Amino acid sequence: MIRFGLCCLFRDEPIKFCTTTATATSRLTRTDALAKLSALCLANAESLFWALQFCSENGIGCFRVNSQIHPLKTHPTCGYEVNDLPDCKKIIKQFKECGKFARSQNLRTCFHPDQFVVLNSPRPDVVASSLREIEYQTEVARWIGADVINIHGGGAYGDKSKALSDFARNIDRLSSQARRLLTVENDDKTYTPTDLLPLCKSLGIPLVYDVHHHRCNPDVLTVEQTTRQALTSWNREPLFHISSPIDGWNGKHPSRHHDFINSTDFPRCWRRKNITVEVEAKAKEVAVLKLMAEITSHRKN
């Protein structure tokens, strides 16, 4: 059975997540800034509950939590610890309620840190900030029961083999809890499944197979071969990504995501697997529900 996943935001539903900027926050006193950030975190915890409820009511089995669920959490000057916030106890309690609800409804939650998280960067400050970001998301993951924190391999920096070695070395700097949640995804420019699968095997880290990225950045493996190998990397329910190109596969920018998924882009070899498939489409929940209906229809036919 396929568990379809919604990524972070909604198009039509009145469920919103709050954020702020470092510029706006830095104008406030530290006390006022923490009060503002506290209110935003609490509001986001409540929005997450409504997001999970929507997923449960509509048969969407997975929700990707926005990396800014705690706005500016790891910012170098505006960052904070949850215990610094005036409403810290309420915030933690509300996130734990989200986790309780998710478990009761068999909902999966996960994280996908932003692109600035690069574990193999040659800049020590970037690596340090990346580690902090993953640890912060691990803290929230513990409250809500998320089982995936998915990152990209990073850059090649002129030497792909060395870059992957740096990636592996810096993973060892994570806490054991963060490392257990960590997964790595092939991308559309640098790292193919062929590049990452040996790393996944040696480190015991699952591969999140993004079939759109693989089609943009192909290697010697077919979709079917990659699917089989990716499945063996998981010690829990596998999680894959699907998206479609905005201008079609012959357009100028095949890596850019469409509002919806063309059901012909959905691999046939996925259709009877017990996997989670996150739908990366600009129409968000509308795109997920449309794809779910189409895949169900295909099964019946």
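As the structure is a prediction and not an experimental result, all values here were calculated from the model. Residues take their numbers from the sequence shown, with the count starting at 1. Hydrogens, waters and symmetry mates play no part in the numbers below; they use all other heavy atoms, side chains included.
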For this session: Taking the six-membered ring of Phe10 (Phe, Tyr or Trp), confirm whether the NZ or CZ of Lys16 is under 6.0 Å from its centre and within 45° of its axis.
Result: no

For this session: Flag the pair Ile15 / Phe49 as yes when at least one side-chain heavy-atom distance between them is below 4.5 Å, and no otherwise.
Result: no

Exercise. Would you say Thr183 and Arg236 make side-chain contact, with heavy atoms under 4.5 Å?
Worked result: yes

For this session: Establish whether Trp249 and Ile246 are linked, either directly or via other cluster members, by ILVMFWY side-chain heavy-atom contacts under 4.5 Å.
Result: no

Exercise. Lys290 side chain to Phe260 main-chain N or O, any donor-acceptor pair under 3.5 Å?
Worked result: no

Exercise. Would Val286 and Met292 show up in the same hydrophobic cluster when neighbours are defined by side-chain heavy atoms closer than 4.5 Å?
Worked result: no

For this session: Could you tell me whether the side chain of Leu181 reaches within less than 4.5 Å of the side chain of Phe111, counting heavy atoms only?
Result: no

Exercise. Side chain of His258, backbone of Ser244: donor and acceptor closer than 3.5 Å?
Worked result: no

Exercise. Hey, does the side chain of Thr25 reach the backbone of Ala22 with a donor-acceptor pair shorter than 3.5 angstrom?
Worked result: no

Exercise. If you measure from the Lys or Arg side-chain nitrogens to the Asp or Glu carboxylate oxygens, is any gap between Arg179 and Asp172 under 4.0 Å?
Worked result: yes

Problem set entry | Criterion ring pair (Phe, Tyr, Trp, His ring centres under 6.0 Å) on His70 and Phe95, from CA distance to verdict | CA-CA 11 Å; His70 286 181; Phe95 275 108; 5.2 Å; yes

Problem set entry | Cluster overlap Tyr157 with Leu164, hydrophobic side-chain contacts below 4.5 Å | no

Exercise. Tell me, do Leu239 and Cys110 make a side-chain contact under 4.5 Å, heavy atoms counted?
Worked result: yes

For this session: Give the cluster check for Val118 versus Phe167: same hydrophobic cluster or not, with ILVMFWY residues linked at side-chain heavy-atom distances below 4.5 Å.
Result: no

Problem set entry | Derivation and outcome, salt bridge (Lys or Arg N to Asp or Glu O under 4.0 Å), residues Lys93 and Glu97 | CA-CA 6 Å; Lys93 181 180 179 181; Glu97 286 297 317; over 6 Å; no

For this session: Check salt bridge (charged side-chain N to carboxylate O under 4.0 Å, His left out) between Glu224 and all other residues, then give those that pass, not counting sequence neighbours.
Result: none

Exercise. Would Leu85 end up clustered with Leu48 when hydrophobic side chains under 4.5 Å apart are linked, directly or stepwise?
Worked result: yes

Problem set entry | Backbone of Tyr80 reached by a side-chain donor or acceptor of Lys73 within 3.5 Å | yes

Problem set entry | Tyr191/Val184 under side-chain contact (heavy atoms from CB on, under 4.5 Å): CA gap, chis, key distance, verdict | CA-CA 10 Å; Tyr191 291 109; Val184 64; over 6 Å; no

Problem set entry | Under 3.5 Å donor-acceptor, Asn120 side chain and Gly155 backbone | yes

For this session: Look at the side chain of Asp32 and the backbone N and O of Leu28, then say whether any donor-acceptor pair between them is shorter than 3.5 Å.
Result: no

Problem set entry | Note, Thr276 side chain near Val148 side chain (heavy atom, < 4.5 Å) | no

Exercise. For the residue pair Trp270 and Phe266, does the interplanar ring angle fall in the parallel (under 30°), tilted (30 to 60°) or perpendicular (over 60°) class?
Worked result: perpendicular

Exercise. Which one of His112, His212, His152 satisfies the ring-ring contact (aromatic ring centres under 6.0 Å, His included) criterion with His241?
Worked result: His112

Exercise. Short question: side chain of Glu278, backbone of Ile242 - any donor-acceptor pair under 3.5 Å?
Worked result: no

Problem set entry | Expected output: side-chain Asp259 to main-chain Ala283 donor-acceptor under 3.5 Å | no

Problem set entry | Residue from Arg180, Arg142, Arg108 passing salt bridge (charged side-chain N to carboxylate O under 4.0 Å, His left out) with Asp147 | Arg108

Problem set entry | Check: Gln105 and Leu52 side chains under 4.5 Å, non-hydrogen atoms | no

Exercise. Hey, are the side chains of Thr192 and Asn186 touching, using non-hydrogen atoms and a 4.5 Å cut-off?
Worked result: no

For this session: Start with the C-alpha gap between Glu135 and Arg173, add the side-chain angles, then the distance that decides, and say whether salt bridge (Lys or Arg N to Asp or Glu O under 4.0 Å) holds.
Result: CA-CA 11 Å; Glu135 294 292 354; Arg173 297 171 60 184; over 6 Å; no

Exercise. If we only count heavy atoms from C-beta on, is the Asp114 to Gln68 side-chain gap below 4.5 Å?
Worked result: yes

For this session: Mark yes or no for whether Gln225, through its side chain, and Thr222, through its backbone, hold a donor-acceptor pair below 3.5 Å.
Result: yes

